[in-house]
Protein chains: 2
Amino acid sequence: MSKRATAAEVAELAGVSRTTVSFVLNNVVGMRISEETRQRVLDAAIKLDYHPDATARRMVTGQTKMIGFVIRQSPDQAFADHFLPQVLHGMSKAVSAQGFHLLLEVIPPENHTGVYMKLINERHVDGIVLSGPRSDDIELRRAYEEGANIVMLGQLPGEKIPFADVNNVGGAQLATQHLLGLGHTRIGMITNAPLAYTASADRLAGYRLALEEAGLIYDESLVRLGNFTMESGVKAMHELLALKERPSAVFVASDTVALGALQAAQLAGLKVPQDLAVCGFDDIPLAQYVDPALTTVQLPAFGLGWAAAEMLIRMISKDKVKNPYIMLNTDLIIRNSCGARLAPK
Amino acid sequence: MSKRATAAEVAELAGVSRTTVSFVLNNVVGMRISEETRQRVLDAAIKLDYHPDATARRMVTGQTKMIGFVIRQSPDQAFADHFLPQVLHGMSKAVSAQGFHLLLEVIPPENHTGVYMKLINERHVDGIVLSGPRSDDIELRRAYEEGANIVMLGQLPGEKIPFADVNNVGGAQLATQHLLGLGHTRIGMITNAPLAYTASADRLAGYRLALEEAGLIYDESLVRLGNFTMESGVKAMHELLALKERPSAVFVASDTVALGALQAAQLAGLKVPQDLAVCGFDDIPLAQYVDPALTTVQLPAFGLGWAAAEMLIRMISKDKVKNPYIMLNTDLIIRNSCGARLAPK
DNA sequence: TAATTTAGCTAACACGTATTAGCAACACGA
DNA sequence: TCGTGTTGCTAATACGTGTTAGCTAAATTA
């Protein structure tokens, strides 16, 4: 590797001082440089293939121009999730548009939290986006209180830390309203996860809200809990179908769980959507390929990543962030499993 | 944000020199420090919540302890690919095991290549893993010749640049041998992409090799070209089935294309695998959910990421890399579409 | 002509660390 | 007493840049 050229060498070749080189190459305003000198410097820089050293620049500016993306989940889980790539894409776009770079860090939950705090403490980055925050993370809270630049992906109830999240309530409402609009009055629900998960509780709340807005009463006997897996969907649907007055539609707050639910319904001899309407949540890639194609709620994954990174960079730049709590809305993707494409009842 | 403590402040509090602080905190061997002094330094560091500044450390060591992962594809494409998350997972694991960090950079192909060379030129990273290298990338070649630490994910024919790649020949061979072992003698093939793509040509070569090893002659009329999409699979399969002597099995060198092929076969009234055996390539998540579940070749995505990062770090550390050309083998995942689970013919 | 401004540039400092060379005090053997 | 080690520490330098303060000579003004 040929030795790197420094600004000093450029200065020498151009016959000027290092300061002048800096002024020319950074286009510093207010500094009087003659056109001739400027050209000499530029020529020298090109001739020596000079590139300013990012580290030295970091040193003197005090800015790393880097943000960290910390994934605080089991790697297997985080990387299996189709959601992640799109979030990354959004972050990448926002970050590079601002001349920043993206540092990716995966911290298994069992690891001590200090591991990712090092990113901030040792000044590897100017701030972090934290995916999968945990409520028992005391170091996170302390870092925030000490003024660290942190944006969470997903919210922690009762915390004031800035976040970007999906409007789970609204999304569930959307799905439920859609089913209501198709004439269903007895609509079951299977959650995506135990209610300890904020997203899960919110989706249940959205379901309930839609029902009550429509003048229906919320009936707890129509609700079952899923836990991320297809199997939990099978079990839950099985129970719902065993009710003496079974629902004519089911909102499943997770596509994966919905796949299990679909399977259970078909196993019970029901045709979807003719005998039973089903609506999912997440819009996983698989959703459009299963039979019947799954009507579902699409999450703004790209937008979420983009918004989180954008807000973080604003915070770093000391720009005013009017509202550090971002909620992105969802879209309803209508396919075949809900019956909207059949003749209306 | 409370002011950061520096090593100098720790030194003052402990009543020693800054040098001593450095020796103690870095456990420098060969330096005689009395137990009492050592303790005083450690206490002071804790009391001041001291964390060494990564930037200053980079400055003096000349190492960034960072590697860049450059994705030189259209972001939409790169992030839609299920392959990426697993590769990232592998890299993340290798990288953190060596005390390195991972910088993620997405460069759309239309962008000037200089964009990612800045990562090296400006010393943001010690080396890069390049995904989706292009043969017309002259800056890449020049950087390599100048001694830059670069590992490619996937190979560029005729280049000496280190790479980690999947053994596409071997994988295709595996799939074809499997079909041969089931008694098929007239085996068609649909490629994953035009043959200009190395991976595509390699998979075709593996197919041919397996046939010839089995004493069969390679028949070009049984081969069709796919181009990444389901639609191309539909078309190709349609053509193969229209042959007057149609194949009894088809090896499709891409699961996505295979989905289209499956669809076409079923549309033609054929039952898979009874009437036609099909084998895919890639093992996309969908593969196990379609009906029939797709027999396919699984790529070592995690291993690929891990190996590439690992090798790069070795190069950076000036460790001898015995063989800078890594080829990882594939696994055959036997499901239902090939007929291996039926009674043997 | 003297005083002031201005154009065009540079000297010097700061950022926070790792590391080499060396210094003072003391112990020990001859 | 002198030389030779050894223990425990420190002074000083280097890394490559951004930036403030200031300097010289020429141009302008009074």
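Here is how names work: the chains are called A, B, and so on, in the same order as the sequence lines, proteins then strands, and each is numbered from 1.
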Is [X] touching bases, backbone alone, or none of the nucleic acid, heavy atoms closer than 4.0 Å?
X: B:Thr20; result: base
X: B:Ser34; result: sugar-phosphate
X: A:Arg18; result: base
X: A:Val16; result: sugar-phosphate
X: A:Arg32; result: base

From B:Met31 atom CE to B:Asn26 atom CG, the distance as rounded to the nearest 0.5 Å: 11.5 Å

Side chain to side chain contact (heavy atoms under 4.5 Å, CB included), that's the test. Do B:His124 and B:Thr64 meet it? Break it down for me. CA-CA 7 Å; B:His124 288 99; B:Thr64 64; over 6 Å; no

Find which nucleotide of DNA chain D each of B:Phe23 and B:Met59 is nearest to by heavy atoms, and output the residue with the more 5' nucleotide. B:Phe23

Side-chain N or O of B:Ser22 versus OP1/OP2 of C:dT17: is the shortest distance under 4.0 Å? no

Taking OP1 and OP2 of D:dC9, is either one under 4.0 Å from a side-chain nitrogen or oxygen of B:Thr37?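 Checking B:Thr37 against D:dC9: at least one side-chain N or O falls below 4.0 Å of OP1 or OP2.
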
Please give, in whole Å, the distance from [N] [atom2] to [X] [atom1]?
X: A:Asp53; N: D:dA14; atom1: CG; atom2: P; value: 17 Å
X: B:Glu122; N: D:dG16; atom1: CD; atom2: P; value: 15 Å
X: A:Arg57; N: D:dG18; atom1: CZ; atom2: C1'; value: 9 Å
X: A:Ile33; N: C:dA7; atom1: CD1; atom2: C1'; value: 10 Å
X: B:Arg40; N: D:dC9; atom1: CZ; atom2: C1'; value: 11 Å
X: A:Glu12; N: D:dG16; atom1: CD; atom2: C1'; value: 15 Å
X: A:Asn27; N: D:dT19; atom1: CG; atom2: C1'; value: 16 Å
X: B:Lys65; N: C:dA18; atom1: NZ; atom2: P; value: 13 Å

List the steps, then state whether side chain to side chain contact (heavy atoms under 4.5 Å, CB included) holds for B:Leu299 with B:Leu304. CA-CA 9 Å; B:Leu299 304 178; B:Leu304 206 59; over 6 Å; no

Please tell me which of the listed nucleotides, D:dA11, D:dT17, D:dG8, lies nearest to the side chain of B:Thr19?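 In terms of side-chain proximity for B:Thr19, the closest of D:dA11, D:dT17, D:dG8 is D:dA11.
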
Regarding the side chain of A:Met31, the nearest nucleotide among C:dA14, C:dG16, D:dT20 is D:dT20

Between B:Leu104 and A:Phe69, is a side chain to side chain contact (heavy atoms under 4.5 Å, CB included) present by the stated rule, with each step listed? CA-CA 10 Å; B:Leu104 185 65; A:Phe69 181 37; over 6 Å; no

Charged N-O contact under 4.0 Å between A:Glu36 and A:Arg40: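 Judged by the 4.0 Å cut-off on N to carboxylate O distance, A:Glu36 and A:Arg40 do form a salt bridge.
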
